[in-house]
Every structure is written in structure tokens, then in C-alpha cells.
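Handing you a structure now.
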Amino acid sequence: MSARLLRYGTGAHLALSALHSLDGQALGVRWQAAAAQSLGAKAREEQWDVIVHTLISASMVFQRSEVFLISDDGLEWLGVAAEVVPRAEPLAAPARYVAPMRPLASKHLVNVRATREGAFDYRDIPSLHGTERVAFKTSLKVSGMRPETQEGARR
């Protein structure tokens, strides 16, 4: 790419200015017709292809299907401030909700149903641990348990 084509007042500069006057985007034929007014005799078909190829290779213009658009580099070269879209500050995702621990909630308590009289008599029978008899022990206080059995559990 020649530095001569990237100077002000050259065909590349005039063609880029013409594209900028068309709101920065135009079909190739429309862009060439607008540039021909400022280029005059320079707008011959062979020169036009060289000018467009030079601008594309310099990343000042890019082509999407049949439409030519000015890049940010092209706007900078023309001295026009490129529109910068302000971006919102990214927000961190909030922590997931975790319900507070409630140890006295009913789902954590032992489900003790009302029982008939004598339902816990098996606790009066000591267990055999090796050759030694061991009394029944529990850390739970069960409603319906006879008081003498509860005392045995505390030993």
C-alpha cells in the first residue's frame, strides 16, 4: 500500500470523505457517483478499483455484502470522532438465597407420636455388652416415657 494514496487531498482521502458524507455507508455505485463529483477526472474505473482496494487494505473501509462502511480507523483518519457507545458497568450476580438454619424447626425434631402405655418397656431390659449388662441410655427426652426410665437414662 502506497503512503501517497493515504495522504490528504489524494483520491483515497476524497473517496473516504465522499463515503462519510453519505452517512458512512453506501452501495458501491452510489459511493462512486458521490466521489466522482469531488474526484473529477480521477474517478476512472481503473483508478476507482485501486482506491477502494487501498482503503479496504488499510482497514479504513470494510464491505458487508454490497454495502461499503467506514471503519473507526477511517473516521480517525478523517479527524471525525467515532461514536463510542457507553457500556454499563457489569453487575456481579447476587448470591443465591439460602434459608437461615433453624435448628428448632419441626423438621429437625424427632417425630414422636403419642404411644400407648407400656410401649417403652423394652428400655427397662438391660443390654448385654460383652459379659456386662448395660442399662438403656438416651439423649432424647421422649414424651410418654416413664419418669423412672428417664432417670436410668441419666446415669
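When reading the values below, keep in mind they use all heavy atoms of this one structure, side chains included, and skip hydrogens, waters and symmetry mates. Since the structure is predicted, the reported quantities are computational estimates derived from the model, not experimental observations.
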Subject >> Rounded distance (nearest 0.5 Å) linking atom CG of Leu14 with atom CG of Leu19 >> reply: 13.0 Å
**OP:** Decide whether Trp48 and Ile56 are clustered together by the hydrophobic rule: side chain heavy atoms of Ile, Leu, Val, Met, Phe, Trp, Tyr closer than 4.5 Å, transitively.
**Re:**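 The answer is yes; both residues are in one hydrophobic cluster.
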**OP:** Write down the atom of Leu55, the atom of Leu16, and the distance for their closest heavy-atom approach.
**Re:** CD1-N, 4.3 Å
Original post:
Under a 4.5 Å side-chain heavy-atom rule over Ile, Leu, Val, Met, Phe, Trp and Tyr, are Leu27 and Phe62 clustered together?
Top reply: yes
**OP:** Give the minimum heavy-atom separation between Ile51 and Ala15, together with the two atoms involved.
**Re:** CG2-CB, 3.8 Å
**OP:** State, to 0.1 Å, how close Ser71 and Ser59 come at their nearest heavy-atom pair, and which atoms those are.
**Re:**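 So the two residues come closest at OG-O, 2.5 Å.
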Original post:
To the nearest 0.5 Å, how far apart are CD in Gln32 and CG in Asp49?
Top reply: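 So the gap between those two atoms works out to 7.5 Å.
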**OP:** Please step through side-chain contact (heavy atoms from CB on, under 4.5 Å) for the pair Gln63 and Leu69, ending with a clear verdict.
**Re:** CA-CA 6 Å; Gln63 184 177 8; Leu69 298 110; over 6 Å; no
Original post:
Out of curiosity, His20 NE2 to Trp77 CH2, how far, rounded to the nearest 0.5 Å?
Top reply: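 Result: 13.0 Å between the selected atoms.
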**OP:** Find the distance between CD (Glu76) and CD1 (Ile70) and round it off to the nearest 0.5 Å.
**Re:**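 Output value for this atom pair is 13.0 Å.
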Original post:
If you take all heavy atoms of Leu22 and Arg30, which pair is closest and at what distance?
Top reply: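 Looks like CD2-NH2, 3.8 Å.
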